[in-house]
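All ligand and atom numbering here is 1-based and tracks the order in the structure.
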Amino acid sequence: MLYERSSKLFEEAYKYIPGGVNSPVRAFKSVGGTPLFMKNAQGAYLTDEDDRQYIDYINSWGPAILGHTHPEVLEAIKKQAEKGFSYGTPTELETEIAKFIVENVPNIDQIRMVSSGTEACMSAIRLARGFTGREKFIKFEGCYHGHSDSFLIKAGSGLATFGNPSSPGVTKGTAKDTLTAEYNNIEQVEDLFKHNSGEIAAVIIEPVGGNMGCVLPENNFLQKLRTLCDENGALLIFDEVMTGFRLAFGGAQELYNVNADIVTYGKIIGGGLPVGAFAARNEIMDYLAPKGAVYQAGTLSGNPLAMRAGFETLKLIKKDENFYKNLAKTTETLDFEIGKILNEKGIQHKINRKGSMMSIFFHISSVSNFAEAGNANHALFNNFFHQLLANGIYLPPSGYESWFISDAIKETEIDKTLEAVRKFEYFN
Ligand SMILES: Cc1ncc(COP(=O)(O)O)c(C=O)c1O
């Protein structure tokens with residue numbers, strides 16, 4: 001049996017951890033089968049408990065952009081650990097990383113560190129509400145901004161109606177302040193502003209969607225949101241938890257040349273340790289405690305180990321002027337070559353790609369929003385996933401997730417990946 005020890009470990013985990021995992025997507029519920037238990041991660045590779053090696057296209061869901069356990073990041077963490085794990089006081093390091101980010105990312109003056117992307121987005125919404133004195137906000141179907149109550153809302157039956165909680169435990173009272181629109185549908189956003197005039201604090205968006213598979217903004221969607229927010233006195237929040245330091249050092253703001261009012265970060269900013277952050281210009285950040293009245297805090301916020309891992313990762317990226325060009329080239333090669341093989345096999349598909357994010361949708365010609373992502377053939381994706389896994393390629397275990405290409409993926413890994421795709425057997 002390929003995954004014998006993982007199966008046993010999952011059985012045991014199931015007794016003590018809800019569903020056997022500490023975050024739902026890890027349970028392979030979407031693709032079926034037993035989740036693999038990993039025991040080591042180096043460069044482009046993961047090793048599971050059955051001693052099988054995989055080329056990793058998840059990279060811890062984004063943070064490991066340099067590949068796993070980069071020697072210089074490891075060394076920096078070790079050195080920091082010798083000086084203590086957590087002080088609960090300000091440190092010089094926090095200012096150093098904040099200054100480095102503010103100086104190298106467009107359009108932000110101050111940044112506040114937290115411990116997860118969820119916290120970052122939750123706090124960004126509170127700050128936008130505090131700043132504007134308004135309560136409602138707009139989000140897009142298929143965008144994920146963490147598991148805070150106000151984000152777990154699906155669209156109501158009509159645009160003028162309230163949203164509905166998408167999870168038990170989220171109250172109707174919370175749901176009424178979250179308005180939802182279709183990704184890439186500017187008319188729906190215009191309608192929401194019209195029906196809720198003077199009430200909308202913010203629009204929050206993944207500037208490139210990564211949680212419905214990879215979905216790109218089309219027809220200047222981001223620029224149009226910027227204009228609508230300006231016209232209506234609302235703030236534009238870019239959730240750059242995935243795209244920040246990934247699409248460019250300055251994230252989607254830099255790549256698309258659109259300024260957001262508040263930007264949230266996570267994943268890469270912590271270099272593999274638990275970090276999130278949110279940032280904005282002074283005028284907005286001055287509303288935040290202890291200077292301003294909008295409360296936000298965290299026992300481990302700015303934790304020295306996490307700051308060290310993040311800072312080292314960001315400096316390594318910044319040092320290499322070809323970093324993003326090379327990553328995009330690797331991803332483009334994967335896109336073209338995988339596409340070619342699938343075409344040769346007569347499998348209709350659409351690959352969406354931006355920078356080092358990509359995903360494959362089967363049996364559909366274009367995907368611009370969540371509903372279209374849902375119309376792809378997910379059963380076929382699941383089959384593709386399992387066959388590649390058996391051949392040592394670890395893709396995200398769902399057709400609704402973006403792949404994250406790391407800098408550790410080189411020609412050898414591309415060749416091995418293409419070999420596995422060539423072996424893919426598809427029965428009509
Ligand atoms: C765009 C986006 N925002 C927010 C989050 C939440 O981040 P975290 O899982 O660190 O709470 C995620 C997580 O994947 C994400 O992809």
Side-chain angles (χ1 to χ4, degrees), residues 21-27 30 57-65 112-128 137-153 166-167 178 180 183 202-217 222 225 236-247 251-253 255-256 260 262-279 296 298 300-303 306 309-310 313 352 354-359 369-370 373 396-405:
V21 293
N22 278 315
S23 195
V25 71
R26 297 178 198 168
S30 177
Y57 285 101
I58 308 180
N59 283 296
S60 190
W61 301 96
I65 193 166
R112 168 65 58 86
M113 295 292 175
V114 294
S115 300
S116 69
T118 296
E119 273 182 85
C121 295
M122 177 185 89
S123 307
I125 292 291
R126 186 181 306 140
L127 180 57
F137 72 93
I138 299 175
K139 74 177 283 290
F140 295 92
E141 282 165 288
C143 285
Y144 178 68
H145 306 292
H147 62 92
S148 159
D149 284 10
S150 63
F151 297 125
L152 299 182
I153 309 294
S166 61
S167 163
T178 303
T180 52
Y183 201 85
V203 174
I204 185 168
I205 186 164
E206 285 181 65
V208 169
N211 286 287
M212 46 183 154
C214 178
V215 173
L216 276 49
L222 301 175
L225 289 180
L236 179 60
I237 304 173
F238 273 7
D239 176 351
E240 300 234 39
V241 167
M242 274 185 180
T243 55
F245 312 104
R246 174 163 289 282
L247 296 181
Q253 284 201 102
L255 195 69
Y256 288 97
I262 305 179
V263 190
T264 62
Y265 296 104
K267 302 188 188 277
I268 294 170
I269 201 173
L273 271 73
V275 182
F278 57 107
Q296 189 281 322
L300 291 176
S301 296
N303 170 269
T313 300
N352 280 357
K354 193 76 191 172
S356 54
M357 293 168 71
M358 68 177 270
S359 54
N369 58 45
F370 185 55
S398 160
Y400 289 100
E401 301 287 351
S402 177
W403 310 8
F404 296 108
I405 313 306

Handout entry: Donor-acceptor pair between R126 and Q296 side chains, under 3.5 angstrom
Key = no
Exercise for the section: Hey, can you tell me if F245 and Y265 have their rings parallel, tilted or perpendicular (30° and 60° cut-offs)? Expected result: tilted
Practice task
Please work out whether the ring planes of F140 and Y183 are parallel, tilted or perpendicular, with thresholds of 30° and 60°.
Solution key: perpendicular
Problem - Proximal protein residues to ligand 1, non-hydrogen atoms under 4.0 angstrom - result: S116, G117, T118, Y144, H145, G146, E206, N211, D239, V241, M242, K267
Problem - Nearest non-hydrogen partners of M357 and L247, listed with the distance - result: SD-CD2, 4.0 Å
Exercise for the section: Please identify each residue that fulfils side-chain contact (heavy atoms from CB on, under 4.5 Å) with P274, with sequence neighbours left out. Expected result: none
Problem - Ring-ring centroid check F370 Y144, cutoff 6.0 Å - result: no
